[in-house]
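Here's the structure we're looking at; comments come further down.
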Protein chains: 2
Amino acid sequence: MKERVTIREVAREANVSIATVSKALNGLDVVTPKTIERVTEAAKKLHYTPNLMGKQLKTKTTKMIGLYTHTITGPYFNTLIEAIVEEAGNYQYGVNVLISSDKQILSSHLLGNMVDGFIGFEELIDEESLSTIRAEGVKAVFVDRKINDGSISSVVFDSQKAGRIAAQHLIENGHTKIGFLPGHPNVYDSDERYLGFQEVMAEHQLPINLDWTITGLFEEKESYENIKNYLLTTPRDKWPTAWIAGNDLSAIGVIKAIDELGLSVPEDFSAIGFDDIELLGYFKPSVTTIQNPIQEQGKQAVIELMKLINNQKKGESKTLDCQLVVRETTKRLSR
Amino acid sequence: MKERVTIREVAREANVSIATVSKALNGLDVVTPKTIERVTEAAKKLHYTPNLMGKQLKTKTTKMIGLYTHTITGPYFNTLIEAIVEEAGNYQYGVNVLISSDKQILSSHLLGNMVDGFIGFEELIDEESLSTIRAEGVKAVFVDRKINDGSISSVVFDSQKAGRIAAQHLIENGHTKIGFLPGHPNVYDSDERYLGFQEVMAEHQLPINLDWTITGLFEEKESYENIKNYLLTTPRDKWPTAWIAGNDLSAIGVIKAIDELGLSVPEDFSAIGFDDIELLGYFKPSVTTIQNPIQEQGKQAVIELMKLINNQKKGESKTLDCQLVVRETTKRLSR
DNA sequence: ACTGAAAATAAAAACGTTTTTATTTGGAGG
DNA sequence: CCTCCAAATAAAAACGTTTTTATTTTCAGT
C-alpha cells in the first residue's frame, strides 16, 4: 500500500496550517472563502482522503453501526439486513456487517470502539456478554430476544401469536393431529411459536405427540431429511395430518419429502411456514405461511438504536405483529 | 457510551509504564513473566479492551478485508460471502461487509484506511475508481470482471464457456429456437454467457432471434413478468422451444410463467439456469443449470488478496471452470 | 564489592486527525 | 497614525495505541 497523503501535506500545498485545513474541509465557517477554495483545491490536487482512523480516534464516533451475526444466508437475513442498511442511511450511518460466531471477535470489534452501537442476534445473548454490554454502556438492539434495560433495546416478532395463528388455522380446517418442526434449540422465535402452538392445542384439548416433533433447524435440507426419514420409518396410521414448520425454508423441505414419497401437499398433509419469504410464491404448490414484517423489524431496530446512540431514551422493547397468509399448502381435512 | 478504560489506567493499576502494558499484552517476550501476570491481571480487573482506532492508527493495518457490494441478497452472494469469511478467517482476517451503491461511501471507507484490501464487484469498476485504486496502490480483487494489473487481481467464472455449454446442451437435444434472458446490462458474467451462446449458435448456423432475447435482470420476478407478457402477446408459432435464463432465479421465474399459462417445462419448453444454487433441487421440476464453483471463487479471491496484501505478487487473473448439471427442466425436443 | 553488559522497564515520539488555545492580521474608530 | 477588537489563522494538545530510544535494574565475572 502506497503512502497516503495526509492533512499535513495538504496544509503545506495550500500554505496554511493543518488546523485550517481541517476546518476548511469540514465546513466550519470560521474560515475565509478564499482559503477554503485554496485548501479544497490543494486537497483535490493531491487526492487527499482523510484517514478515518485518525478522525475517529479523535472524535470518538464512527457513524457506523455494527451488525453482528454468524450468518447472512437465507431470505430472512437478506431482507432484514438490507432494510437495516436502508434505514441507517437515512441517519447518515453506515452498516458494518461482521459475520462470525466467535464471541471474541465480535466483542473486540464492539468494545474496540469500531461502531457507535450494534444490532445483534443470539450470538451475543448470554449472561457474560449482556453484562459487559450493560457495564460498558454499549448501545445495542437485539432482534431475536426480548430484552430491555439500560442501553439495550429489542425489536421482536410476536412469535407466540404466530404459533397460535398457525395452530388455529389448522384446527379450523379440521386438523387435530399436528406436527411441529422447531428451529434451532433455544432460539426465541422458534420457542415462542412452539409455546403458542402448545397453548392453542391445550385450549382445544388436543394432544401434542412428541413423535410429531421433528428437528428442522430452519433449513430445507435438514427438514427434508428428517421428515422423509420419519415417513419411511413410521406406520401410516401414526402420522399427523399437518406440519407446522420452523420457517418457510423448513416448510419447503417438508413438502419436498412428502412429494418424493408419492404423497401430496395439501391432499395428504397440510403444511405451514413462517416469515413469507419472497421466493415462496414461486414454489408449487405455493406455501401458506405466517407473514413477519421483516423490513419493519429492520427499520425499527435502527430507529431504536439511534435513540440509544443519541441518548434519547433508555432501552425498551418493541413487538411487531404478524399475519396469516393462506396459500395452497393448507386445506380442509376431508375425512 | 461510558468512558472506556485505556491502557494508561491499566498501567497505573499494574504500577508499570504504558509501554510495558502494550508489550505484555501483545506477548512481546522482552517482558518478565511476573510483570506479564501483573499486567494481565490488571487488564482483566479493569475490563480493558484495546481501542482499535488507536491501535490501527499506529500500526497502519486493520486485519480486515472489505467486501464492497450494493447487495447481499440472493443465494449467489450468500454463498460467496460466507466462503470469503471462512477463508479470511484462516488468515486471521475479519471481513467487513459494506453494503452501498454509493461510490463515495465505498471509496472513503477504502481510502480511509479502514481495510487492508478489498473484494469488490461491478460498483467500483469504472475508469475513475480503477485509476484511483491503481494510483493509491490499494489491494483489490474483483470477482465479476477480468482485471489484472498493478495491485488489482480478479477471480472470475468462465462464463463464456458456461454460455457455450448451455447452448450446446440444448442443441444436442434438438432445440434450434433458443431464447436468452440477459442479466443486468454490462455485467460481465451475463455478457460472457451471451457471447458463448452466440458463438455456438453461429457454429451451428442457427439464427438468434432478438424477440427471444428478454430482459431477466437475474431476478425471478422480472423474468416471470417478462416471459409471461411475451407469451401472452406473441403467437404460439413464433415461440422458441427453450430458454437460457440469466441465472437460476431467473430460470425459476421463467418456469413459473410457463406453468401459469397452463404450459409445462420441460414438455413445452426447456429451461436452463446458471450457478446451481442450493434451493434449486427443491423446485418442481428441478432445474437444469450450469454449476459455478461459487465457494471456490470466494476462497480464491481471498487467497489472491492475501498475496497482494503481503506483497507477494502483482495482480493476476484466475478463471474458474464450470459444469453442466442436467436435471428435469431440459428434455429432447420431440417434434 | 565493583564494573560492565544484558535485560527489563520507562519515557518519549509518532500515527493522522480535531479541538482548544495562542498568535497574527486587518481594519474601524478615535 | 495609533489602539483595540474581531476575525482569521497558526500552534499546540489530545485521542489511545505501538515503537523507538533512553534509563534503570539485575547480576555475572572479577
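In what follows, chains are A, B, ... by sequence order, proteins preceding strands, each numbered from 1. None of the values given here were measured: they were computed from a predicted structure.
Between A:K60 and D:dA14 there is no side-chain polar atom (N or O) within less than 4.0 angstrom of OP1 or OP2. Between B:K55 and D:dT18, a side-chain N or O to OP1/OP2 separation shorter than 4.0 Å is present. Dashed line: the shortest gap from a side-chain N or O of B:T6 to OP1 or OP2 of D:dC15 is not under 4.0 Å. At the phosphate of D:dA10, OP1 or OP2 sits under 4.0 Å from a side-chain N or O atom of A:S17. Within the structure, every side-chain polar atom (N or O) of A:T35 is placed at least 4.0 Å from both OP1 and OP2 of D:dA8.
Rounding to whole angstrom units, CG of residue A:L57 and P of C:dC15 are separated by 14 Å.
B:S159 is linked by a side chain to side chain donor-acceptor pair (under 3.5 Å) to B:D189, counting only residues two or more places apart in sequence or in another chain. Scanning for side chain to side chain donor-acceptor pair (under 3.5 Å) contacts around A:E87 gives A:N90, with sequence neighbours left out. For the side chain to side chain donor-acceptor pair (under 3.5 Å) test, no residue two or more places apart in sequence or in another chain qualifies with A:K34. Annotation: ring pair (Phe, Tyr, Trp, His ring centres under 6.0 Å) contacts of B:Y68 (sequence neighbours excluded): B:H109, B:F118. For B:K314, the side chain to side chain donor-acceptor pair (under 3.5 Å) test picks out no residue, with sequence neighbours left out.
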Without placing hydrogens or testing angles, list every side-chain donor-acceptor pair under 3.5 Å for residues 93-105 of chain A, not counting sequence neighbours.
{"from": "A:Y93", "atom 1": "OH", "to": "A:D116", "atom 2": "OD2", "distance (Å)": "2.8"}
{"from": "A:N96", "atom 1": "OD1", "to": "B:N96", "atom 2": "ND2", "distance (Å)": "3.4"}
{"from": "A:N96", "atom 1": "ND2", "to": "B:N96", "atom 2": "OD1", "distance (Å)": "3.4"}
{"from": "A:S100", "atom 1": "OG", "to": "A:D102", "atom 2": "N", "distance (Å)": "2.9"}
{"from": "A:D102", "atom 1": "OD1", "to": "A:Q104", "atom 2": "N", "distance (Å)": "2.8"}
{"from": "A:K103", "atom 1": "NZ", "to": "A:D126", "atom 2": "OD1", "distance (Å)": "3.4"}

Can you list, pair by pair, the side-chain donor-acceptor contacts under 3.5 Å of residues 35-49 of chain A, counting residues two or more places apart and other chains?
{"from": "A:T35", "atom 1": "OG1", "to": "A:T32", "atom 2": "O", "distance (Å)": "2.8"}
{"from": "A:R38", "atom 1": "NH1", "to": "A:A14", "atom 2": "O", "distance (Å)": "2.6"}
{"from": "A:T40", "atom 1": "OG1", "to": "A:I36", "atom 2": "O", "distance (Å)": "2.4"}
{"from": "A:K45", "atom 1": "NZ", "to": "A:E13", "atom 2": "OE2", "distance (Å)": "2.8"}

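Where the helix from C:dA1-D:dT30 to C:dG30-D:dC1 starts and where it ends, the local axes point in directions that differ by 60°; five pairs per end, rounded to 10°.
Annotation: side-chain hydrogen bond (donor to acceptor under 3.5 Å, both in side chains) contacts involving residues 142-156 of chain A, sequence neighbours excluded, comprise A:E122-A:R145, A:R134-A:D149, A:K146-A:T319, A:S154-A:S317. Within the structure, every pair that satisfies the salt bridge (charged side-chain N to carboxylate O under 4.0 Å, His left out) test and touches residues 296-310 of chain B, not counting sequence neighbours, is listed here: B:E304-B:K307, B:E304-B:K318.
Annotation: proximity of residues 45-53 of chain A to DNA chain D (heavy atom, distance under 4.0 Å) is found for no residue.
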query = Could you run down nucleotides 19-27 of chain D 5' to 3' and tag each one B, S or - for protein heavy-atom contact under 4.0 Å?
reply = BB-------

